[in-house]
Each structure stands twice: as C-alpha cells, then as structure tokens.
Colleague: 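So that we are looking at the same thing, I have put the structure below in structure tokens.
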Number of protein chains: 2
Amino acid sequence: MFSLSEENYLKAIFHLERSYPTGVSTNALAEEMSTKASSVTDMIKRLSEKKLVAYKKYQGVKLSKFGRETAVEVIRKHRLWEVFLVDKLGFAWDEVHEVAEQLEHIKSDKLIKELDRFLDFPKRDPHGDPIPDSKGNFVTSNKVLLAELKKGESGICIGVKDSSPEFLQYLDKNNIALGQLIVILEKESFDQSMLINLNGKELKISNVISSNLYIKTS
Amino acid sequence: MFSLSEENYLKAIFHLERSYPTGVSTNALAEEMSTKASSVTDMIKRLSEKKLVAYKKYQGVKLSKFGRETAVEVIRKHRLWEVFLVDKLGFAWDEVHEVAEQLEHIKSDKLIKELDRFLDFPKRDPHGDPIPDSKGNFVTSNKVLLAELKKGESGICIGVKDSSPEFLQYLDKNNIALGQLIVILEKESFDQSMLINLNGKELKISNVISSNLYIKTS
DNA sequence: AATATTATTTAGATGAGTCTAAAAAAGCTT
DNA sequence: AAGCTTTTTTAGACTCATCTAAATAATATT
Ligand SMILES: [Mn+2]
Ligand SMILES: [Mn+2]
Ligand SMILES: [Mn+2]
Ligand SMILES: [Mn+2]
C-alpha cells in the first residue's frame, strides 16, 4: 500500500512518460507536481527503493511494470469516481476532478469492484478518457486534435486535452459536448482560427480551443 | 480544513464525552485512538490552539462548540457513506466501517449534499445509528440494552453497541437483524443469559450478546 | 501526613514530505 | 577545450504525527 503522495507521483510520471519516452526529467515532474526539484529527487529515491520506478542519477525516471500497474489502478479509480459523480450525483463535468483527486486514494478492492458494477462498467470518463478495466487494460482510440484537421474535414468530438473547469465551462457555454459532429467550414491561415458547424449552428473558435479538443478519426 | 488525524481525534472525543462528561481523560483518548498518552497530549495542544477543544493541564478535554460541529460533520459523512455502501453497492453491514473510516475524510460540501439526496436523506446508518442532517441535528431515540430488560418484556431491535465485524456476523448467523421483535422468554439469574423469541423461533443468547443490542422502548 | 501508585506531561528522537540554498553534473557555446 | 548556463542532486532545516523514557502532578493507601 502506498501513500497519497507516492500515488500522485506515479500518476504524474505515467502521464509524462508520453512526452518523455526516454525518462521523465526531474524538472518536468516538479512542474507537474507543483513542487521543487529537490523534493522530486527525494521522492524518486523512495519510489526507486520500492521498485516502483527505475532511476539513475541525472537520467530521469521510468515506471517499472509494478509502478505502471499501480499508476493505472489509481487512474482507474479516479475516472470511475468521476463517472459516479456525474452520472449518479449530478455533478457537472467541470466539477468532478478535484473530488476525484481525493477519492482515487481510497483503499478497498471491493469498493472499486462494486462501484464499477454499479456504474455498469463504463468505458470512458466524463471527459472522454478511457477507464482501465480491473486488469489494467484500456482502449486507445484513434484521435486527433481538431486543430490538425483542414477545411472541409469533419469528425466526432470524443475528448478534451485540457480538462480544467475554465475550458469545460467554455465548451458548455458554446454547447460543445462529447459525441457531437463538428464540420470545419473555414480555417484562417493567419491565426488558425476556425469557423465550424455544430448542430446546424455556425461557431467561430480560436486555435487555443481547437488545440484542446480531440476528434475521432478512424 | 483539518487533517485526517485531527478529525479522528475529534470523533473520538465526541464519542467519549458521553462516558466522561467532566472531560475526556488523556488515557481514555489514548486507548480509543490506539496510541500513547504522550501523543494524545501533543494532539490535544494542537486542537486547543485551533479552538476545537477546551484543555487545561491534567483536567482532560472537552469539545468546543466548533469542535463538536466538526466532529458531527465527520460522523454524518461516515454514516452516509455506510448507507451508500450497503444500499447502493451491496456491502454487508459488517464490511462498511473500515471503508467509511477513509471516505469520511473526503472534503467536498457538494459531494456530501448530493450523496445525502441520492440516498434519499436516510435517518439511520446500517447499524441503527442516527445520521445528523446538514445542520448537525440528529434524532436521539429512546433505547435500552436488551440486557436491561426482564423476563416477559419485549421490544424492537434498533441498533448495536458493538459494531465489529465479529459481532455483526454473529447476529447474521443467528438471523438477528434491526427492526425485529424480540421477546424475552426466560432470563437466567446466574449468568444473565436469555431465551428469546425471534420470528417465532427460540434462541439462547449470552449476556455478552444482550449487552450489545439496543431495543426501542417508548 | 507520608508514601506508594497511577495519570499526565515534558524532553528528545524518528520518519515522511516538504522547503531553501549551495554544490555538482550535464549540456551548450564559442 | 574552456567557460557559461541549465539541470539535478545534496545538505540542512522545518512541520506533523508519532514514539520511548524520564519527570512531575494527582490520587489512593496506609
Ligand atoms: Mn480528472
Ligand atoms: Mn477525467
Ligand atoms: Mn462505522
Ligand atoms: Mn455505523
């Protein structure tokens, strides 16, 4: 059983490994955890002693198999709780993350097993992120940022890259939701802003927005 | 916002105040918290600085109004989560306490408000204990230990004093559940054991058992 | 009232997790 | 290759929550 801090570091390393395939740097981890590099070094040493990460001085960290399994389990719990909060308690999708950050650390195998069943084994959380199953397997869907599409192309919105309350509330305000068809009517070459069609209505969105919306491709 | 440890101490003091109306002793608190008296003294000083308890050296502690409100809120959360686990996730009543000990420390006003609504504002937890409402008010029912009743008397079982898994499993095994009518057929003066009628069936129970079952009186 | 026992507090240490400041290593420039 | 900059690690300190051992206060016994 690991501490709340240890679990949070494992999650952070897991997420950063995509951008740092050769090893997550101390500074990147410090940034992600909103802490100091020296604290990260301390924690990395602890995680290394517990065989959760592979660490060599000045080389960054990588999750071990064990560490990755642990991280995925915490992520599974986080996302299941997010589904619970939205589907059962009526939270909005921009209100769930903070609470899930706490709930993900509750230790009980039975709890998470029964919660999963109660929610009818959901495959995705309210932000479109995949939920690992009890064995740690999860779908990796073919997605691309809306910003990468060209004029005339279209696709279904299936997730958000930024899931901050601010961004999610912007989407709500403009009636952009997961599952919706988006057609690119115009794309401005100067600032990459787009005119899109959404439910028959036209909407102008900046590159900041289109760079944080995932579209299903295949 | 208080730490997990602080909240647990407040709960313990709250429960012990019934037995120690003039002030909860350091040793009693150490016993309840499974820790050492010196640790208790340290914590009491912290709680006192935060105005959660009134403390004078060698005099024991009492909760302040603020401290009592905080304790009651934690107890409210604990019991609501226990209802959730039993009613929604299918936990048995002897499996919920440990998990609720963790869940009671989750910080989110909205979460507990919506959970309460989701559970349809339950008045009692799975062990018959009253659940404080959002203002901290809860019913204090007229109850008496089964052991205090005499031959020929009867009443409805409404709660347990000991809610350890071992005791609860004993009750399950003997089909004793909350809400049931219990009639005392015989009472042995030597060891206080009883012969009771339960759903038409006769059952012999020891004083250890009857001293941990609450019966509704008025 | 003096003494013995018990309860409580103090003193000092430990471990987890964090911090700042300083040292050391790695990576870039020229 | 030497020097400069950035990154990372080390050293030392702090808080919270705990512990053991010792000191002190309160209570009980004779
Ligand atoms: Mn989240
Ligand atoms: Mn999410
Ligand atoms: Mn309980
Ligand atoms: Mn209970």
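Each chain gets a letter, A, B and so on, in the order the sequences are listed, and its residues count up from 1.
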Colleague: Of the nucleotides D:dC19, C:dA16, D:dT9, which has the atom closest to the B:Lys36 side chain?
Modeller: D:dC19
Colleague: For the pair made of CD in B:Glu6 and C1' in D:dA17, what is the distance, rounded to whole Å?
Modeller: 10 Å
Colleague: According to a strict under-4.0 Å criterion, is B:Ser39 in side-chain N/O contact with OP1 or OP2 of D:dC19?
Modeller: yes
Colleague: Taking atom C1' of C:dG17 as reference, at what distance in whole Å does atom CG of A:Asn8 sit?
Modeller: 13 Å
Colleague: Report the nucleotide, chosen from C:dT9, D:dT8, C:dG17, that has the shortest atom-to-atom distance to any side-chain atom of B:Lys57.
Modeller: C:dT9
Colleague: B:Ile44 CD1 to C:dA7 C1': how many Å, rounded?
Modeller: 12 Å
Colleague: Here's a test of your reading of the structure: between A:Gln59 and B:Lys45, which maps to the more 5' nucleotide of DNA chain C?
Modeller: B:Lys45
Colleague: What does A:Thr26 touch in the nucleic acid at a heavy-atom separation under 4.0 angstrom: a base, only the sugar-phosphate, or nothing?
Modeller: sugar-phosphate
Colleague: Give the nucleotide from the list D:dA11, C:dA11, C:dA7 with an atom nearest to the side chain of B:Ser38.
Modeller: C:dA11
Colleague: Quick one: label B:Ser5 by what it contacts on the DNA or RNA (base, sugar-phosphate, nothing), any heavy atom closer than 4.0 Å.
Modeller: sugar-phosphate
Colleague: Could you state the atom-to-atom distance from CG of B:Leu29 to P of D:dT18 in whole Å?
Modeller: 11 Å
Colleague: Map A:Tyr55 and B:Thr35 onto DNA chain D by nearest heavy atom, then report which one ends up closer to the 5' terminus.
Modeller: A:Tyr55
Colleague: Return yes if some donor-acceptor pair links the side-chain N/O of B:Lys77 with the main-chain N/O of B:Glu104 below 3.5 Å, else return no.
Modeller: yes
Colleague: At what distance, to the nearest 0.5 angstrom, does CE of B:Met43 lie from CG of B:Asn8?
Modeller: 9.0 Å
Colleague: Considering only heavy atoms from C-beta outward, does the side chain of B:Phe167 approach that of B:Asp94 to under 4.5 Å?
Modeller: no
Colleague: Kindly point out which of D:dA17, D:dT9, C:dT18 is positioned nearest to the side chain of A:Tyr9?
Modeller: C:dT18
Colleague: How many whole angstroms separate atom NZ of A:Lys56 from atom C1' of D:dT8?
Modeller: 16 Å
Colleague: Tell me: CD of B:Glu7 to C1' of D:dC16, nearest whole Å?
Modeller: 15 Å
Colleague: Among D:dT18, C:dT9, C:dG17, find the nucleotide with the atom closest to the side chain of A:Ser3.
Modeller: C:dG17
Colleague: Check this for me: does any side-chain nitrogen of one of B:Asp116 and B:Arg76 sit under 4.0 Å from a carboxylate oxygen of the other?
Modeller: yes
Colleague: Does the side chain of B:Leu16 come within less than 4.5 Å of B:Glu32's, by heavy atoms?
Modeller: yes
Colleague: Between P on D:dT8 and CD on A:Glu31, what's the gap in Å once rounded to a whole number?
Modeller: 12 Å
Colleague: Does A:Asn27 place a side-chain N or O at less than 4.0 Å from the phosphate oxygens OP1/OP2 of D:dT6?
Modeller: no
Colleague: I'd like to know whether the aromatic ring centres of A:His97 and A:His127 sit less than 6.0 Å apart in this structure.
Modeller: no
Colleague: Rounded to the Å, how far apart are B:Met33 CE and D:dC19 P?
Modeller: 10 Å
Colleague: Between C:dT18, D:dT9, D:dC19, which nucleotide has the shortest distance from any of its atoms to the side chain of A:Asp42?
Modeller: C:dT18
Colleague: Can you check whether A:Arg46 has a side-chain N or O nearer than 4.0 Å to OP1 or OP2 of C:dA16?
Modeller: no
Colleague: Could you please name the option among D:dA17, C:dA26, C:dT8 that lies closest to any side-chain atom of A:Tyr58?
Modeller: C:dA26
